[in-house]
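Below is one structure, written out as structure tokens; comments come after it.
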Amino acid sequence: MTYVARNVTIKGEPEKAYALIKEMEDFPKFMPDVQSVEVVRRGENMTVTDWVTEVDGTEIIWTEEDHFDDEHLTVDYKLTEGDLDKFEGQWIVEPTPEGCKVTLTVDFDFGIPELIHLIGGVLEIKVTENSDMMLNSLKTRLEGQQG
């Protein structure tokens with residue numbers, strides 16, 4: 001298993017950052033590696049979403065359950081089915097003097113121990129790069145809306 005936590009500081013209101021994160025189906029509009037996000041089901045403070053992303057030309061497809069905590073500005077997500085054995089984490093939005101800090105955590109396991117021994121470091125780098133891309137895309141989108 002591999003755990004990655006990345007964050008970015010955004011000049012913008014925490015509530016706006018959180019609102020944008022909750023609208024995951026819009027991610028493909030401003031996140032290059034996210035090909036599609038489809039909301040399969042909406043419930044009270046939760047969604048089930050189908051994802052298609054691309055990492056270095058390889059499509060990764062999964063379904064996740066997303067739980068929204070509006071009071072604490074957090075989104076917990078967890079794989080329900082897909083190309084990975086484990087894929088879960090959290091979006092956390094925290095107020096700062098500059099605006100807000102957004103943290104994205106990813107805890108994943110491809111389920112093939114031999115693969116982790118061979119390319120585990122590469123996988124961690126790719127997940128880190130992908131997390132940074134998502135956070136920086138969010139930052140660019142939000143800071144671009146300020147003016």
Over 60° means perpendicular and under 30° means parallel, so tell me whether W51 and F27 are parallel, tilted or perpendicular. perpendicular

Identify the two heavy atoms, one from A17 and one from C100, that lie closest to each other, and give their separation to 0.1 Å. CB-SG, 3.9 Å

Among Y77, F108, Y3, which one satisfies ring-ring contact (aromatic ring centres under 6.0 Å, His included) with F87? Y77

Step by step, work out the salt bridge (Lys or Arg N to Asp or Glu O under 4.0 Å) result for K22 and D70. CA-CA 10 Å; K22 285 178 65 172; D70 296 344; 2.9 Å; yes

Flag the pair M24 / E64 as yes when at least one side-chain heavy-atom distance between them is below 4.5 Å, and no otherwise. yes

To the nearest 0.5 Å, what is the distance between CD1 on I10 and OG1 on T96? 9.5 Å

S137 and M31: which non-hydrogen atoms are nearest, and at how many Å? CB-CG, 3.7 Å

Mind checking whether N7 and V102 have side chains closer than 4.5 Å, heavy atoms only? no

Inter-residue atom distance L20.CG - R141.CZ, 0.5 Å rounding: 6.5 Å

CG-CG distance between D33 and N130, expressed to the nearest 0.5 angstrom: 5.0 Å

Check: K16 side chain, L142 main-chain N or O, donor-acceptor pair, under 3.5 Å: no

Can you name the side chain to side chain donor-acceptor pair (under 3.5 Å) partners of T140, sequence neighbours left out? none

Any ion pair linking E65 and K78 (charged N to carboxylate O, less than 4.0 Å)? no

First locate atom CE of M133, then atom CG of L104, and finally report the distance between them rounded to the nearest 0.5 Å. 10.0 Å

Taking the side chain as every heavy atom from C-beta outward, state whether R41 and T47 have any atom pair closer than 4.5 Å. no

Can you check whether P14 reaches E94 side chain to side chain, under 4.5 Å on heavy atoms? no

Taking all non-hydrogen atoms of both residues, which atom of D85 and which atom of L79 are closest, and how far apart? O-CD2, 3.7 Å

Provide the closest heavy-atom pair for T9 versus K139 in the form atom of the first, atom of the second, distance. O-NZ, 2.7 Å

Aromatic centroids of F68 and Y18 separated by under 6.0 Å: no

Are the side chains of Q35 and V37 in contact, using a 4.5 Å heavy-atom criterion? no

Under the criterion side chain to side chain contact (heavy atoms under 4.5 Å, CB included), I'd like the reasoning laid out for D26 against K29: C-alpha separation, chi angles, the key distance, then a yes or no. CA-CA 6 Å; D26 289 341; K29 294 177 184 175; 3.2 Å; yes

Using side-chain contact (heavy atoms from CB on, under 4.5 Å) as the criterion, point out the one residue from V75, T74, I92 that pairs with D69. T74

Does E25 have any side chain to side chain donor-acceptor pair (under 3.5 Å) partners at least two apart in sequence or in another chain, and if so, which? R42

Minimum side-chain heavy-atom gap T105-V4 below 4.5 Å: no

When T63 is tested against each of D50, T80, T49 for side-chain hydrogen bond (donor to acceptor under 3.5 Å, both in side chains), which residue passes? D50

Does any non-hydrogen side-chain atom of E54 lie less than 4.5 Å from one of I60? no

Is W62 linked to W91 within one hydrophobic cluster, defined over Ile, Leu, Val, Met, Phe, Trp and Tyr using a side-chain heavy-atom separation of less than 4.5 Å? yes

Measure the CD1-CG distance between I21 and L73 for me, rounded to the nearest 0.5 Å. 9.0 Å

Working for side chain to side chain contact (heavy atoms under 4.5 Å, CB included), residues M46 and V48: CA-CA 7 Å; M46 64 83 63; V48 175; 3.8 Å; yes

If I compare all heavy atoms of S36 with all of P28, which pair ends up nearest, and what's the gap? CA-CG, 3.7 Å

Roughly how far apart are K11 NZ and E98 CD, rounded to 0.5 Å? 8.5 Å

Does some side-chain heavy atom of R6 sit less than 4.5 Å from a side-chain heavy atom of T128? yes

Do F30 and V34 share a hydrophobic cluster, counting only Ile, Leu, Val, Met, Phe, Trp and Tyr and linking them when any side-chain heavy atoms are less than 4.5 Å apart? yes

